[in-house]
Amino acid sequence: MKYLIIGDSAAGVNAAQTIRSKDKEGLITILSNESIAAYGRPLISYYLSGKVLPENIFYRNKNFYKKEKINLFLNTQAQEIDVKNKKVNAAQKEFEYDKLLIASGSLPLIPQIKNLKEQKNVFTFLTFDESRKIKESINPDSKVVIAGAGLIGLKAAEGLYGKVAKITVIDLADRVMASVLDKSAADIIQNHIEKKGIEFILNKSVAEVEGGEKVEKIILSDAKTLDCDIFIIAVGVRPNISLAKNAQIRTSKGIIVNEYMQTSESDIYAAGDCVESLDLISNESKVLALWPNAVSQGETAGANMAGEKKLVPSSFAMNAISFFGMQLISAGIIGGSDADIYVDKNGDKLRRLNIANDNLIGFVLINDNQRAGIYTALINDRVKLSELEYDIKLKDIGLNVYTKEKRRDKIFGKEE
Amino acid sequence: MKRIYAFEDKCLGCGLCEVYCRTAHSKSKDIIKAHKEENIVSGISIEEIMSPKSAFYFALQCRHCKDPKCVKACISGAMYKDENDIVRNNKDKCVACLSCVLVCPFGAIKKNTDGKAVSKCDLCVEVGSPVCVENCPNEAIKLLDEDSEILK
Ligand SMILES: Cc1cc2nc3c(=O)[nH]c(=O)nc-3n(C[C@H](O)[C@H](O)[C@H](O)COP(=O)(O)OP(=O)(O)OC[C@H]3O[C@@H](n4cnc5c(N)ncnc54)[C@H](O)[C@@H]3O)c2cc1C
């Protein structure tokens, strides 16, 4: 059996590893257009700041690919999927497959900005190479402008902190992390980051850039201008679906897959940031560009490619991140009007629960992280809150929230 | 695989398991120094159950799940299942993002006091056998095979 995987990251690596655990003989090949083997993509900001050494960024041990007998082709761009002949074409080579996985991840969104070309000092922040280039381009006098106050923009700001003269973050929304947080939670994060001397300009977008080979000035939607030595675009990501689309595989925003991670072509699977997943809470098909989701989907795709029948686990948005030591953990949805929102706020600490129809459907914890996973489990298992031992609004969560029998079953591993 | 199981009818809530866990995972291996100087987060914790008449307790640590959510959620590859199926965390790779805390359905992973990594039970692989079990005065925590009779 010939297994071919496009993309060597969370989804691709876990698919390959799962295939190998089920098929000891099959030929497994991974194509990657990056220059180094799989790394913790979220760690590129830690690499930028120097908190993670280059040798510790790798997702798997040095001998992983050899040990698992996986042929990894780096610097190899898959250019076209030939569905009829079951081949993938790269620049110098063709790769045959019996089962193919598309795990091509995300691409950066590039907004419409007047005069934006490929100026030398314009960067995105999605890959190790991009982070390395930024690291090589900055100096202590650099004025950095970041478009986008979402996770990636804020992480870029954190990575650059202390290494440059000025960091300004611009966002069209009225708050940071707008897709994950409501205003009051976002304000806590923003204030904390502002204390470090990072400036925010909200409710504005970048309209135009000026300069020659390099961007020198940023012009905002309100005509205000900013000096700029380094411009980082971090307004969001979009699923990388062009390979699938060109091969006439069904796509919408992302690649469309069934619960076995199979695309509209039965021998072609897709997993990770490039696909749409069914959101457990809203019951809508969504792109959930998150690491744990990519890992689970990669595993599921791998198992099915190797001949098992494995359903993909349910998924919903969730995130754990820290900004300058402030810890943010969230899952589920922020909450609309009819939901019952409970907020417990104390200085820099926040616990916000979003409850609807006797179910927890979302939470945000800031600097209050103990046992957050029990909340996540309550969402995931759609636990009826009225059947618990106490009202989760009234005290910190623990396994003691479950009834004695339920707790025993959990601790004794009866639910595995 | 052998895991540690808690029996809440026997737990006195004395906290000795936590004390021994911290000591075993300290540099000094000295009970006083571990607590006064090293500031270690215990891999096991006592939880309290309040009932109208009195309080009950149980001790809980990592369940070393068959299909561990924390390993899948880990963004750095620090959390892994070793060759003996023990879920372990490589502190050199851990950046304390707390993705594991976000998904652990037992609440059994905690941030270290230095904020640089997370802590969890490692079944005392480096010590030999689990010190919490050995030092529990009332046999409220036991190291048992997963198919052991008393668990049925
Ligand atoms: C700075 C940053 C911080 C983040 N922080 C978090 C976080 O805290 N928590 C979280 O859950 N998520 C976080 N994420 C998101 C997370 O990294 C992604 O969800 C995850 O990487 C998705 O994995 P994937 O395998 O689907 O795709 P990707 O990691 O995007 O990998 C896809 C790979 O395929 C390669 N590729 C694409 N097309 C081709 C082709 N034609 N030929 C060959 N190779 C190709 C790409 O170069 C890439 O290497 C962060 C992302 C960034 C950038």
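Numbers restart at 1 for each chain; the letters A, B, ... are given by sequence-line order, proteins then strands.
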### Minimal non-hydrogen separation, B:Lys111 against A:Gln327, with atom names
NZ-OE1, 3.1 Å

#### Entry: Shortest non-hydrogen contact from A:Trp291 toward B:Lys72
CD1-O, 4.0 Å

### Query
Would the number of heavy atoms belonging to other residues, nucleotides or ligands and lying under 6.0 Å from CD1 of B:Ile32 be above 12?
no

### Message
If I measure from the heavy atoms of chain A, does B:Cys97 come under 4.5 Å with its side chain, its backbone, both, or neither?
### Response
both

### Query
Checking B:Cys100 against chain A: side chain, backbone, both or neither under 4.5 Å from a heavy atom?
neither

### Message
Please classify the contact of B:Phe56 with chain A as side chain, backbone, both or neither, using a heavy-atom distance under 4.5 Å.
### Response
neither

### Summary
Applying a strict 4.5 Å limit to non-hydrogen atoms, the region of B:Glu48 in contact with chain A is backbone

### Query
Given a strict heavy-atom distance threshold of 4.5 Å, which part of B:Lys116 is in contact with chain A: side chain, backbone, both, or neither?
neither

### Query
Are any of the side-chain nitrogens in A:Arg407 or B:Glu47 under 4.0 Å away from the carboxylate oxygens of its partner?
no

### Task
Kindly compute the distance separating CG (B:Leu60) from CD1 (A:Ile411), expressed to the nearest 0.5 Å.
5.0 Å

### Exam field: side chain A:Arg371 to backbone B:Ala108, donor-acceptor pair closer than 3.5 Å
no

### Query
If you round to the nearest 0.5 Å, how far is CG of B:Asn90 from CG of A:Asn56?
7.0 Å

### Message
Checking A:Tyr65 now: which residues fulfil side chain to side chain contact (heavy atoms under 4.5 Å, CB included) with it, not counting sequence neighbours?
### Response
A:Asp8, A:Val13, A:Ile30, A:Ala37, A:Ala38, A:Ile70, A:Leu72

#### Entry: Residue, of B:Lys69, B:Arg3, B:Met50, that accumulates the most heavy atom pairs under 4.5 Å with chain A
B:Arg3

### Query
When only pairs under 4.5 Å are counted, which of B:Leu151, B:Leu102, B:Leu144 shares the most heavy-atom pairs with chain A?
B:Leu102

### Message
Taking side chain as everything from C-beta outward and backbone as N, CA, C, O, which of these in B:Phe58 sits under 4.5 Å from a heavy atom of chain A? Side chain, backbone, both or neither.
### Response
side chain

#### Entry: Any residue meeting ring-ring contact (aromatic ring centres under 6.0 Å, His included) with A:Tyr161, in chain and number order, not counting sequence neighbours
A:Phe324

### Query
Are A:Lys404 and B:Asp9 ion-paired here, with the side-chain N under 4.0 Å from a carboxylate O?
yes

### Message
Heavy-atom cut-off 4.5 Å, strictly under: side chain, backbone, both or neither for A:Ala372 against chain B?
### Response
both

### Query
If every non-hydrogen atom of B:Ile75 is compared with every non-hydrogen atom of A:Pro42, which pair is closest and at what distance?
CD1-CB, 3.5 Å

### Summary
Residue from B:Ser45, B:Ala73, B:Ala78 scoring the most non-hydrogen pairs under 4.5 Å with chain A is B:Ala73

### Summary
One should read off an interatomic distance between A:Tyr46 OH and B:Lys93 NZ, to the nearest 0.5 angstrom, of 14.5 Å

## Note on the structure
All heavy atoms of A:Glu299 vs all of B:Asp67, minimum pair found to be OE1-OD1, 4.4 Å

### Query
For atom NZ of B:Lys36, is the number of surrounding heavy atoms from other residues, nucleotides or ligands below 6.0 Å larger than 12?
no

